[in-house]
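Labels below follow one simple rule: chain letters A, B, ... track the order of the sequence lines, proteins then strands, and each chain is numbered from 1.
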Amino acid sequence: MSIALDFSPLPIVDLRSPSFPVEGFNVTVPAVCAKHYETGECLRHYQILPVEAAMNPEVPVLCPFGFTSIPFKVGPELLAITAVIPYPRMGGGQERQNAKRFAENKVSLLSAQRIIYGVKKAFTKLNEIADATVQRHSAALHEIRKLNAKIKQNAERLQQGGSNLRAAEVAEKTLAIFQASELMSKQFEVMEILANQNLAKLPPNTTIEPYKIFHKCMKVYEDTGAKTRVKLSATPGYYPRIQAFDKTFPIIATVLIQNAKKYAALSSEITIFVEPAGDQNCKVSVSNISEGQQLLDDSVMERGVRMSTDTDGSGNGLFVAQLVAKQHGTRIGVRSELINHLTVRNTFEVVFATVPGH
Amino acid sequence: MSWFSVPKKISDLKVALSRDEMLRVSRILIIDDERPDLIDDLKKARFFVDHLEDITPENIHELERTEYDVVILDFGNVGSKMGPDQGLTLMKHIKRIRPSVVVLAYTSKALETQHAEFFRLADGVLPKDAGIVDSTERIEEALKKAHSVENLWRGMLASAGIEPGSKQDNDWQDLFVRGLSSNRKMAKFKGFFESDIGKDISKQAALAIIGKLITLVGGSGA
């Protein structure tokens with residue numbers, strides 16, 4: 001049965017598999033229609049409607065019992081508003097009688113057309129949302145599967161190599177497994193918040209040093225033969241602490257570093273800098289150099305927005321990171337500077353209130 | 001000699017290619033924008049593997065010129081310069097120009113409806129997170145299929161524009177199988193074949209496949 005049947009204020013029927021009409025949420029099917037339906041005449045009327053619709057789309061058709069149906073197409077579905085008494089009238093004594101008995105079912109043709117338009121819009125929007133949801137889940141799962149491949153295959157190499165492997169090879173493969181597993185955990189954390197945004201509304205439960213969190217996240221992204229370098233530094237002697245919710249705060253670091261790395265130009269450097277911002281705040285900025293990319297603005301923090309379409313990603317990371325930033329009383333801002341006609345420096349910044357005495 | 005002669009069929013031929021021989025003669029191409037670590041494992045296992053990050057109008061000759069037996073094809077971020085449907089565009093191209101090549105769909109993405117044909121056209125699927133042993137087994141199966149007489153003959157017919165089961169197909173099968181028993185008969189087959197193919201460049205791949213078949217079956221007409 002079509003989901004569009006749930007979105008009509010008037011009685012509605014699915015003409016591809018016609019049955020007794022579904023009640024509209026404003027107007028019900030007249031009780032007398034139940035008896036009429038048993039005669040089989042209504043079903044025959046619904047079976048003829050597609051033919052009528054093919055010749056004259058969205059034109060009202062009188063049913064054998066003096067009510068009117070208006071067939072219409074929405075996407076691949078063929079539906080009909082039904083059990084209504086339109087005005088201008090279709091004509092006939094039965095219709096006149098129905099109009100006296102079932103005032104609730106009287107509707108202007110113009111209103112009926114507006115309702116049909118509304119049903120179409122709701123159906124289209126629902127499908128777009130369903131498609132987008134499937135795509136985002138698919139993209140997120142794809143990322144996890146790639147990480148799973150690293151874990152599985154490196155574990156196999158360790159197992160097959162056994163004692164023949166040099167210590168350095170063992171260390172390299174073990175590190176690859178650990179890193180992939182950590183990155184997978186980060187993916188799960190992002191998906192957890194997407195599934196339950198209340199996690200990003202819980203109050204801070206501890207104090208942390210942002211420098212240490214960013215340092216820990218940065219280490220996960222180090223790899224041998226790295227095409228991009230990650231450099232973390234701070235104003236000398238500056239080790240601020242902030243109030244944080246320990247479960248979610250690392251997502252800010254993970255997502256900003258991951259995005260910076262993903263969209264960085266080959267052999268470029270990603271810089272993370274921690275510095276004071278006034279007397280009572282600290283600022284963390286994450287910058288990269290990218291090529292062939294558009295200048296970024298705050299819209300990149302919205303759900304489902306991708307910075308580029310030639311890499312994998314669901315467009316959820318920055319959205320979730322912003323939720324977590326709001327949880328910590330701040331927000332992530334983005335600046336883009338054009339260095340030359342192809343090269344852009346992107347900087348994501350977030351300012352935190354520091355805990356006094358640090 | 002009986003003048004009632006039963007037409008010979010390709011299915012009459014038996015090919016026994018040892019694993020070592022198969023590895024020696026096989027060529028695999030992986031098309032993936034990210035170089036998979038699996039390539040090193042395959043090379044260690046003595047597979048002959050090439051890798052291309054993408055197929056573009058500038059490097060398409062590498063795909064068309066080289067006789068790959070198996071292509072392991074990613075979906076996302078490949079083929080964008082060849083058409084609008086990424087890996088599906090490349091899949092269709094490969095199937096058109098090299099019908100005997102076995103193509104494995106190398107993705108773990110759930111594709112949109114309009115791209116589901118990527119899986120339908122593929123000869124198999126190699127998930128991105130398959131283990132090394134599993135991946136190797138799937139690739140070996142693909143190579144066996146690629147080197148099967150049925151696959152090569154089917155690919156040859158497609159390249160030559162001949163309908164399987166047609167009179168021409170049956171005639172060629174008969175001539176080819178008989179041709180394997182002597183040089184004179186193979187020359188006769190080649191004569192008919194080249195005359196039917198003509199000078200059409202698009203059908204020259206069919207000639208190459210016949211050459212491969214002769215080598216595979218080891219006929220005296222090679």
Side-chain angles (χ1 to χ4, degrees), chain A residues 75-76 127-128 130-162 164-165 169 172-173 175-177 179-181 183-184 187 223-227 261-263 266 292 306-314, chain B residues 30-47 49 53-56 72 74-87 89-90 104-116 118-119 125-139:
Chain A
N127 280 333
E128 280 171 15
D131 282 346
T133 306
V134 165
Q135 275 309 302
R136 276 193 223 116
H137 280 142
S138 167
L141 288 171
H142 182 64
E143 294 276 326
I144 290 173
R145 291 202 98 162
K146 284 190 336 188
L147 293 168
N148 190 36
K150 284 200 182 299
I151 292 172
K152 193 185 288 188
Q153 291 173 9
N154 276 298
E156 275 189 273
R157 288 175 193 119
L158 280 172
Q159 190 192 22
Q160 285 167 4
N164 294 329
L165 291 174
E169 282 178 306
E172 181 201 329
K173 285 169 185 27
L175 178 63
I177 292 172
Q179 285 176 330
S181 175
L183 289 172
M184 209 189 278
Q187 275 286 103
D223 48 15
T224 52
K227 293 178 187 174
K261 211 162 183 278
K262 195 191 280 189
Y263 299 108
L266 280 181
R306 301 283 323 280
M307 287 159 67
S308 165
T309 51
D310 63 354
T311 60
D312 286 328
S314 59
Chain B
I30 298 181
I31 304 173
D32 190 343
D33 61 316
E34 294 175 16
R35 186 185 183 279
D37 295 340
L38 186 65
I39 290 179
D40 300 322
D41 301 286
L42 292 174
K43 285 184 174 176
K44 266 190 201 159
R46 296 185 294 129
F47 288 89
V49 185
E53 287 184 357
D54 197 3
I55 297 291
T56 64
I72 299 172
D74 187 16
F75 177 84
N77 306 318
V78 295
S80 311
K81 291 186 180 158
M82 301 294 294
D85 291 326
Q86 302 185 74
T89 303
L90 288 185
L104 296 181
Y106 188 44
T107 182
S108 295
K109 276 188 177 173
L111 303 181
E112 293 175 56
T113 312
Q114 68 264 33
H115 294 143
F118 183 71
F119 290 119
V125 178
L126 181 60
K128 282 271 174 100
D129 63 345
I132 297 169
V133 170
D134 193 15
S135 300
T136 311
E137 280 175 3
R138 285 175 196 247
I139 292 169

>> For A/N127, give me all partners under side-chain hydrogen bond (donor to acceptor under 3.5 Å, both in side chains), at least two apart in sequence or on another chain.
In response: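 Testing A/N127 for side-chain hydrogen bond (donor to acceptor under 3.5 Å, both in side chains), a comparison that skips the adjacent residues, returns none.
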>> If the condition is side chain to side chain contact (heavy atoms under 4.5 Å, CB included), which residues does B/K81 pass it with, not counting sequence neighbours?
In response: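 Expected list: B/T56, B/P57.
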>> Checking A/Q159 now: which residues fulfil side chain to side chain contact (heavy atoms under 4.5 Å, CB included) with it, not counting sequence neighbours?
In response: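 By the side chain to side chain contact (heavy atoms under 4.5 Å, CB included) rule, A/Q159 matches no residue at all.
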>> Just so I understand: if I count every heavy-atom pair under 4.5 Å between each of A/N148, A/I151, A/L147 and chain B, which residue has the most?
In response: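 When all of A/N148, A/I151, A/L147 are compared, A/N148 has the most.
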> Is A/K150 atom NZ crowded by more than 12 heavy atoms from other residues, nucleotides or ligands, each under 6.0 Å away?
Replying inline: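 Result for NZ/A/K150: open.
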> Of A/R157, A/Q160, A/Q153, which is the lone residue that meets side-chain hydrogen bond (donor to acceptor under 3.5 Å, both in side chains) with B/D41?
Replying inline: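 Among the candidates, only A/R157 passes.
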>> Quick check on the structure: residues of residues 128-138 of chain B within a heavy-atom distance below 4.5 Å of chain A, by number.
In response: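 When heavy atoms of chain A are the reference, residues 128-138 of chain B contributes B/K128, B/D129, B/A130, B/G131, B/I132, B/V133 within the under-4.5 Å range.
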